[in-house]
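A short worksheet on the structure shown next.
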Amino acid sequence: TTSTDAALRTPIVAVLGHVDHGKTSVLDKVRGSAVIEGEAGAITQHIGATAVPLDVISEIAGELVDPTDFDLPGLLFIDTPGHHSFATLRSRGGALADIAILVVDVNDGFQPQTEEAIEILKRSETPFIVAANKIDTVPGWNPTEDAPVQATYESQSDRVRGDLDEKLYEIIGQLSDRGFSADLYWRVQNFQNNVGVVPVSAMTGEGIPDLLTVMMGLSQRYMKEAMEIDVAGPGVGTVLEVKEEKGFGTTLDVVLYDGTVREDDTIVVGGADSTIVTDVRALLKPRPLSEIRTESRFENVDELKAAAGIKIAAPELDDAMSGAPMRVVRDREIDDVIGEVEAELADIAVDTVEQGIVVKADTLGSLEAMSNALEEAEVPIVRAEVGDVAPRDISVASTAEDPMHEAILAFNVDVLADARTAAENQDVRIFESDVIYRLIEEYEEFVEEREQ
Ligand code: GTP
Ligand code: MG
């Protein structure tokens, strides 16, 4: 028998959007730390998680948030770098994120990765709001640092306000073209049926109070029941990244969305060839209000409760896959837990056929998103795997009966040097991109060329 310890966990918020639209900057503003400054070329290299407690939110949001109105403990933000697919963020039953912020640059509007994010949000039925970012770049903008958006909007000239309105209505129109009824957030009554657009500037902090208020309100109103978990129960999470870490060997960056993980736990993790059963060696926690990916030194912890981002050091993790499930065994039968992990993996598995193309992707979630998109495009798949393009992939593609199938679609992975040479020798085409629909478009062009 296990003791139960019911509690409300922190909602998991994914921040997504096109490259450079300001995902990291928005979070950075919220954190008040300069993560972005430590980033090479301001490109985010890895997924990180940031916990922002309710009292910090209410401090930033000022009079917009009264902490006594809330009983959720805060928000856990996951930053998805532009080159990394939001599709990794999946969990048992769908999306890992409970809620999402789609960041759109007001000057650029919808871009390829915005489209991709929208598709995945739609498919996974994840509620989201749009942060229309970089409002400070409207010519003639008169900034009021960290102000709520309506106040700053009032203090702009008619012309500036008109320019901003035009950009915002463009975004609202783009959302409605994709089947989402949307409006400026203060006009939205029901956030379940409408997408709220929050004008913000990650640079000046304008609109950030509104963004946090809306996220907190949405979570509290629509997600409270889903946040009730048994915190003392065995932990359940999703692997975001598998990383070498000096002194620890291969480690897992995991987002824990249920229960607790402890230093002496045995865990079961989805692996490329088989399910991994291993003992936790160390639990490494990012410091409060910082991100996993910027930590050079980790803090050792005895245990950690959901929701949280955690780095797990353990033996035998080399085969673990990004996007795979992780479950703590605790006082249950190991075989039962292996069964649960395998059932989750089978749920993600891609259907393959005798004749088709080869697909490689960086994570299980992106592999799944690729296969969904290829199914829609009616392109059959002979082999679908997580990992870099290797010589054996070329062998498979080169033996295709149909010349149209002598192709490999590589999503956000490397092509090993010997694989590239083999592909050239055997006339196998490799398509590489970090945008799913671009891969498919390029493949379709290739098919047209070969048909002629
Ligand atoms: P990736 O992680 O590479 O996908 O990018 P990102 O979406 O995290 O964008 P990031 O936060 O790195 O911002 C990209 C660039 O836009 C940086 O040079 C930021 O300084 C700039 N930027 C972000 N937000 C704002 C804003 O509100 N106003 C202005 N003027 N610049 C901004
Ligand atoms: Mg970033």
Side-chain angles (χ1 to χ4, degrees), residues 13-50 60 77-89 97 100-118 120-121 128-149 152-153 156 160 163-164 167-168 171 197-212 240-241 253 290-294 309 362-363 366 411-412 433-436 438:
V13 183
V15 183
L16 40 140
H18 194 70
V19 184
D20 279 354
H21 279 196
K23 301 174 290 295
T24 304
S25 303
V26 166
L27 278 185
D28 204 31
K29 196 71 199 178
V30 171
R31 274 194 298 272
S33 74
V35 172
I36 197 168
E37 312 232 314
E39 286 181 359
I43 295 276
T44 313
Q45 299 298 338
H46 299 284
I47 286 188
T50 306
I60 301 173
F77 291 94
I78 299 177
D79 185 4
T80 58
H83 66 269
H84 205 297
S85 177
F86 166 60
T88 314
L89 309 178
I101 301 176
L102 179 61
V103 179
V104 182
D105 182 331
V106 286
N107 302 297
D108 280 5
F110 275 44
Q111 294 296 322
Q113 273 149 347
T114 321
E115 307 277 4
E116 201 151 290
I118 285 260
I120 296 166
L121 288 169
F128 68 100
I129 59 161
V130 168
N133 190 31
K134 310 197 187 184
I135 56 171
D136 63 288
T137 60
V138 174
W141 186 261
N142 170 30
T144 312
E145 295 276 320
D146 304 326
V149 76
T152 195
Y153 185 82
Q156 307 303 320
V160 169
D163 283 357
L164 178 61
K167 292 171 193 283
L168 294 174
I171 291 173
V197 175
V198 186
V200 302
S201 165
M203 194 76 109
T204 64
E206 291 162 294
I208 300 291
D210 309 66
L211 190 70
L212 291 174
L240 293 188
E241 296 216 47
D253 287 359
S290 68
E291 287 203 0
I292 288 176
R293 66 194 165 77
T294 56
D362 61 340
T363 71
S366 51
F411 177 80
N412 208 18
S433 179
D434 55 6
V435 176
I436 291 173
R438 249 189 223 151

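In listed order, ligands and their atoms are each counted from 1. The structure presented is a predicted model; accordingly, all values stated were derived computationally and were not measured.
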Distance check, rounded to the nearest 0.5 Å: [X] atom [atom1] versus [Y] atom [atom2]?
X	Y	atom1	atom2	answer
Trp141	Asp136	CH2	CG	8.0 Å
Ile208	Asp146	CD1	CG	8.5 Å
Glu206	Asn142	CD	CG	8.0 Å
Asp108	Asp20	CG	CG	9.0 Å

Do any N or O atoms from the side chain of [X] and from the backbone of [Y] form a donor-acceptor pair under 3.5 angstrom?
X	Y	answer
Glu116	Ile436	yes
Lys23	His18	yes
Asp210	Val149	yes
Asn133	His21	yes

Ligand 1-proximal atoms of [X], by part, heavy-atom distance under 4.0 Å:
X	answer
Val19	both
Asp136	side chain
Asn133	side chain
Met203	both

Can you name the atoms of ligand 1, numbered from 1 with element, that are less than 4.0 Å from a heavy atom of [X]?
X	result
Thr137	30 (N)
Ser25	10 (P), 11 (O), 13 (O), 19 (C), 23 (C), 24 (N)
Ser201	27 (O)

Going by distance only, is there an N or O of Gly22 that falls short of 3.5 Å from an N or O of ligand 1? yes
Does an N or O anywhere in Asp79 fall below 3.5 Å from an N or O of ligand 1? no
Checking heavy-atom distances from atom 8 (O) of ligand 1 to each of Val106, Asp20, Thr24, the winner is Thr24
I'd like the name of whichever of Gln113, Lys134, Glu206, His21 reaches closest to atom 25 (C) of ligand 1 through any heavy atom. Lys134
With a cut-off of 2.8 Å, does Thr24 put an N/O/S atom close enough to the Mg ion (ligand 2)? yes
